[in-house]
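Both counts, for ligands and for their atoms, begin at 1 and track the order of listing. Because the structure is a prediction, the values reported are computed rather than measured. Residues take their numbers from the sequence shown, with the count starting at 1.
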Amino acid sequence: MKPEIKNLLRPHYLTMDGYISAGMEVTKDDSTIFLNANENPFELPGLEGFNRYPQPQPEALALAFANAYGVDHDQIIMTRGADEALVILTKLFCEPHKDAVLICPPTFGMYGVDARAAPADVLEVPLLKEDGTFKLDQQNIIETASKPEVKLVYICTPNNPSGTSFDHIDVLGIAAALEGKAIVIVDETYAEFSAQGSICEDLDSAPNIIVLRTLSKSYSFAGMRMGCFISSDKEFISLVKAKALDAYPLPLMSIQAAFHVLSPEIRAIAKDNIKKLLNERDRVIEAFNASDAASYVFPTDANFFLVEMNDAKGFLNHCAKSKVILRDFSTKPLTENCLRISIGTPQENDLLLDLLADYES
Ligand SMILES: Cc1ncc(COP(=O)(O)O)c(C=O)c1O
């Protein structure tokens with residue numbers, strides 16, 4: 001394993017034994033009779049196959065993920081959404097009551113929640129609000145993350161809730177400065193919507209970067225809970241498989257559906273839907289830019305945008321009365337009076353824009 005990861009792992013992971021599940025002990029073929037996993041041998045009608053535990057990390061599915069993300073299949077751990085990846089990585093790197101993570105608010109709330117649950121401290125280096133957008137405070141991140149207790153640095157790009165993409169050169173610069181000191185988790189939950197693309201192609205030169213990806217957003221698959229994390233360090237990935245996963249973490253139904261969603265036909269449709277969403281995003285943002293109710297729309301590279309309203313709560317409540325629900329960031333630092341709005345179908349967006357027009361008049 002590369003020292004940039006090995007030296008930051010909680011040391012007992014290097015020596016402890018992992019769980020060998022019943023499914024790992026033998027290779028399955030159709031003629032084998034399995035009396036080793038306390039499964040129920042009777043299949044229920046319409047639910048055939050669901051009586052058996054799924055493979056923990058099916059290699060064929062890892063190959064499909066690898067193909068989608070341009071990496072090797074043995075650089076991937078598949079998880080129940082990017083959310084589960086956060087839990088696993090916190091568990092692997094943060095010593096309870098001792099270590100810390102660094103986040104750059106405003107950003108995704110679960111980073112802090114998972115750390116506090118460990119419990120690990122959460123150090124904040126807020127984004128800089130400059131020139132009408134948000135920027136990483138690169139120097140401050142490097143200085144703060146150089147403290148020995150900081151094990152994980154979260155960079156979300158495009159960032160939720162601001163929609164901002166951060167330059168890969170800056171992210172790689174931060175990671176290089178922190179090699180041997182901290183793991184940089186680059187959360188690419190919204191990367192498919194971004195003009196900048198993914199940092200995955202640079203992973204070989206960035207041993208301390210771990211990338212999060214998910215099928216939830218660009219693949220319309222949030223309900224199936226499928227995501228992954230990616231590291232260039234294959235030995236680290238092997239260790240995670242052996243020691244840090246639940247025995248059968250991925251539901252069989254999600255595995256089966258993920259094969260379908262990653263097929264060339266469905267991928268082509270998903271890609272087309274991304275284009276539609278980006279066109280819709282431009283249309284919706286144009287209307288907000290022209291509206292007297294909105295004071296500023298932040299540049300976005302995702303399937304949502306952050307907008308500063310003259311009266312955020314007023315518009316939020318106005319929309320809620322018509323059962324259109326927006327996300328309120330108006331009382332949080334750096335996003336005062338702001339709402340985050342996801343791009344919907346053209347009909348849903350029409351309704352939103354009607355509500356905006358009503359609200360103005
Ligand atoms: C930045 C970010 N990371 C991770 C997640 C979790 O995604 P998943 O559905 O893959 O668990 C979300 C969900 O909204 C998110 O916005």
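- Taken together through direct or relayed side-chain contacts under 4.5 Å among Ile, Leu, Val, Met, Phe, Trp and Tyr, I230 and Y219 form part of one hydrophobic cluster.
- R225 places a side-chain heavy atom less than 4.5 Å from the side chain of S216.
- Ion pairing between R283 and E280 holds under the 4.0 Å rule for side-chain N and carboxylate O.
- Between K271 and E192 there is no salt bridge, since none of the side-chain N atoms of the basic residue sits less than 4.0 Å from a carboxylate O of the acidic one.
- Protein residues with a heavy atom under 4.0 Å from ligand 1 are G81, A82, D83, F108, Y111, C156, N160, D187, T189, Y190, T214, S216, K217, R225.
- The aromatic rings of Y190 and F304 sit perpendicular, their planes meeting at an angle over 60°, well past the 30° parallel limit.
- Aromatic ring orientation, F305 versus F288: perpendicular (interplanar angle above 60°, classes split at 30° and 60°).
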